[in-house]
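Note sheet for the following structure.
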Protein chains: 2
Amino acid sequence: MVQEDLSYKDKKVISIGTVSELTGLSDRQIRYYEERHLLTPHRTSRGTRKYSFSDVERLMEIADKREDGVQTAEILKEMKRKEERQDRDLRKKMLQGQLNAHFRYGRK
Amino acid sequence: MVQEDLSYKDKKVISIGTVSELTGLSDRQIRYYEERHLLTPHRTSRGTRKYSFSDVERLMEIADKREDGVQTAEILKEMKRKEERQDRDLRKKMLQGQLNAHFRYGRK
DNA sequence: CGTGTAAGGAATTCTGACACG
DNA sequence: CGTGTAAGGAATTCTGACACG
C-alpha cells in the first residue's frame, strides 16, 4: 500500500504540457532545467518527455530558488548535497535494521 | 505524507496514450468504457482526456472482467455495489471516530 | 455489444537557432 | 545565464461514422 503510493510518485507518466500547468513554468524553462541536469525525465520510444510527481515537486523547488535569484549551477550543487545526506541516512538506517534483526534473532 | 500520496493517486494528469501503454488497452476501448460510464476522465480546456492512477487501476480491473466475458453493463453494476459498500464503511468509521472523540473528551 | 479503422482537423512536442542581456 | 519566440516536421488526440457480428 505504501509501496504502491511511492511507486505512483516516481512513475514517469506526465507530459510536459501538464507539468507546465502544474508548476506554472514554461516548457522552455522545464527543458532548460533538464539541460542543466536538474532533473531527468523519461523519454518514450518516440522521444516525448514523461515526468513523475517527484519531478513536479522538484521543479517547484527549483522555481522557488530561481525566484530568489539562485543560479541553476548553484541549485544543482544544493541538490547533490541533499541527496548525499539522504543516502547516508538511508544507509545508516539499513545497517541499524540489520543489527536489530541480528540481535533479535531466535528470541521470539 | 499519506495524504499527499493519495492525492497523487487521484490526480488526473495522464493522457490516453500513456494509459493505453500502462493498461494494454486500446484508445478505442478506453473511450468506450467511458461512454458506458465505467470511468470519468478529466477534460482539459482543450478537450483532451486526463486520467489518474486510480483510473488506470480501474481500467485493469475492467480488462480482467471483460476477459472473463463480463459485459460492461454488469461491470458497472458491480462497481456501484462496491462503492456503496465502501461508502457505508466510511460513514461507519467516521461515526465511530466521533463517538470515540466524544467519550475521550476532557480526559487527557 | 464491443472493438477496429480511415478521415480530417486541431493542439502537442521536439530540435536547433536567433534574440536579448 | 535564463528565457522568449518563430520554424517545420512528426506524433497525439478528438469526434462521428461505417464495419463486423
Side-chain angles (χ1 to χ4, degrees), chain A residues 11-80, chain B residues 11-80:
Chain A
K11 208 133 197 181
K12 308 233 174 188
V13 294
I14 315 174
S15 48
I16 197 166
T18 304
V19 172
S20 173
E21 281 177 17
L22 291 173
T23 61
L25 296 167
S26 69
D27 297 15
R28 183 72 170 88
Q29 288 174 307
I30 297 169
R31 292 198 190 98
Y32 180 69
Y33 299 149
E34 174 186 356
E35 197 180 311
R36 304 313 309 276
H37 304 291
L38 299 186
L39 75 167
T40 310
H42 174 253
R43 290 294 186 121
T44 67
S45 53
R46 176 225 145 200
T48 56
R49 295 168 174 83
K50 294 294 177 190
Y51 301 83
S52 65
F53 284 112
S54 294
D55 290 329
V56 171
E57 287 187 2
R58 179 179 285 235
L59 281 168
M60 294 175 107
E61 282 180 39
I62 294 170
D64 283 347
K65 291 181 181 172
R66 284 292 303 128
E67 276 182 31
D68 294 343
V70 184
Q71 296 196 340
T72 57
E74 187 57 38
I75 297 176
L76 181 60
K77 282 184 207 162
E78 289 177 14
M79 288 182 155
K80 281 187 176 167
Chain B
K11 207 135 197 179
K12 309 234 174 187
V13 294
I14 315 175
S15 47
I16 197 166
T18 305
V19 172
S20 173
E21 281 178 16
L22 291 174
T23 60
L25 296 167
S26 69
D27 298 13
R28 183 71 170 90
Q29 288 174 306
I30 297 169
R31 292 198 191 100
Y32 181 69
Y33 299 149
E34 174 185 355
E35 197 180 313
R36 303 314 309 276
H37 304 291
L38 299 185
L39 75 167
T40 310
H42 174 251
R43 290 295 187 118
T44 66
S45 53
R46 176 225 144 202
T48 56
R49 295 167 173 83
K50 294 295 176 189
Y51 301 83
S52 65
F53 283 111
S54 294
D55 291 329
V56 171
E57 286 187 2
R58 178 178 288 234
L59 281 168
M60 294 174 108
E61 281 180 40
I62 294 170
D64 283 346
K65 292 181 180 170
R66 283 293 303 128
E67 276 180 31
D68 294 343
V70 184
Q71 295 196 341
T72 56
E74 188 55 41
I75 297 177
L76 181 60
K77 282 183 206 161
E78 289 177 14
M79 288 183 155
K80 281 186 176 169

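All heavy atoms count here, side chains included; hydrogens, waters and symmetry mates do not. Model, not experiment: these values are computed from the prediction. Below, chains carry the letters A, B, ... as their sequence lines are ordered, and counting in each starts from 1.
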- request: Report, as a single string ordered 5' to 3', how protein heavy atoms within less than 4.0 Å touch nucleotides 10-16 of chain C: B base, S sugar-phosphate only, - not at all.
  value: -SSBSB-
query: Does the side chain of B/Tyr32 get closer than 4.0 angstrom to OP1 or OP2 of C/dT3 through an N or O atom?
result: no
- line: Stems field, DNA chain D, Watson-Crick or wobble, 3.5 Å, at least 3 pairs, by first number, holds C:2-5 with D:17-20, C:17-20 with D:2-5
Pairing residues for B/Lys50 by the salt bridge (Lys or Arg N to Asp or Glu O under 4.0 Å) criterion, not counting sequence neighbours: none
- prompt: Taking only residues two or more places apart in sequence, or in another chain, which ones meet B/Asp27 in a side-chain contact (heavy atoms from CB on, under 4.5 Å)?
  reply: B/Ile16, B/Ser20, B/Arg31
- prompt: For B/Ile30 and C/dG4, what is the distance between atoms CD1 and P respectively, to the nearest whole Å?
  reply: 11 Å
- prompt: Does the B/Gln29 side chain pair with the main chain of B/Ser26, one donor and one acceptor, at a distance under 3.5 Å?
  reply: yes
query: Heavy-atom contacts under 4.0 Å between residues 58-78 of chain B and DNA chain C, which residues?
result: B/Arg66, B/Gln71, B/Thr72
- prompt: Got a donor-acceptor contact below 3.5 angstrom from the A/Arg36 side chain to the A/Ala73 backbone?
  reply: no
- prompt: How would you list, by chain and number, every residue that makes a side-chain contact (heavy atoms from CB on, under 4.5 Å) with B/Arg43, sequence neighbours excluded?
  reply: B/Glu34, B/Arg49
- request: Mind checking side-chain contact (heavy atoms from CB on, under 4.5 Å) for B/Thr40 and listing every partner two or more places apart, or none if nothing turns up?
  value: none
- prompt: Pairs in or reaching into residues 38-70 of chain A: which pass ring-ring contact (aromatic ring centres under 6.0 Å, His included), with residues at least two apart or in two chains?
  reply: A/Phe53-B/Tyr8
- prompt: With sequence neighbours left out, what residues match B/Glu61 under salt bridge (Lys or Arg N to Asp or Glu O under 4.0 Å)?
  reply: B/Lys82
message: For A/Thr23, give me all partners under side chain to side chain donor-acceptor pair (under 3.5 Å), at least two apart in sequence or on another chain.
response: none
- line: Separation of C/dG4 atom P from B/Gln29 atom CD, nearest Å, is 5 Å
message: If the cut-off is 4.0 Å, is A/Tyr33 near the phosphate of D/dT3, judged by side-chain N/O to OP1 or OP2?
response: yes
Residue pairs, two or more places apart or on separate chains, that pass ring-ring contact (aromatic ring centres under 6.0 Å, His included) and touch residues 17-38 of chain B: none
- prompt: Who are the side-chain contact (heavy atoms from CB on, under 4.5 Å) partners of A/Glu74, not counting sequence neighbours?
  reply: A/Val70, A/Lys77, A/Glu78, A/Arg81
task: Find the distance A/Glu35:CD to D/dT3:P and express it as a whole number of Å.
output: 11 Å
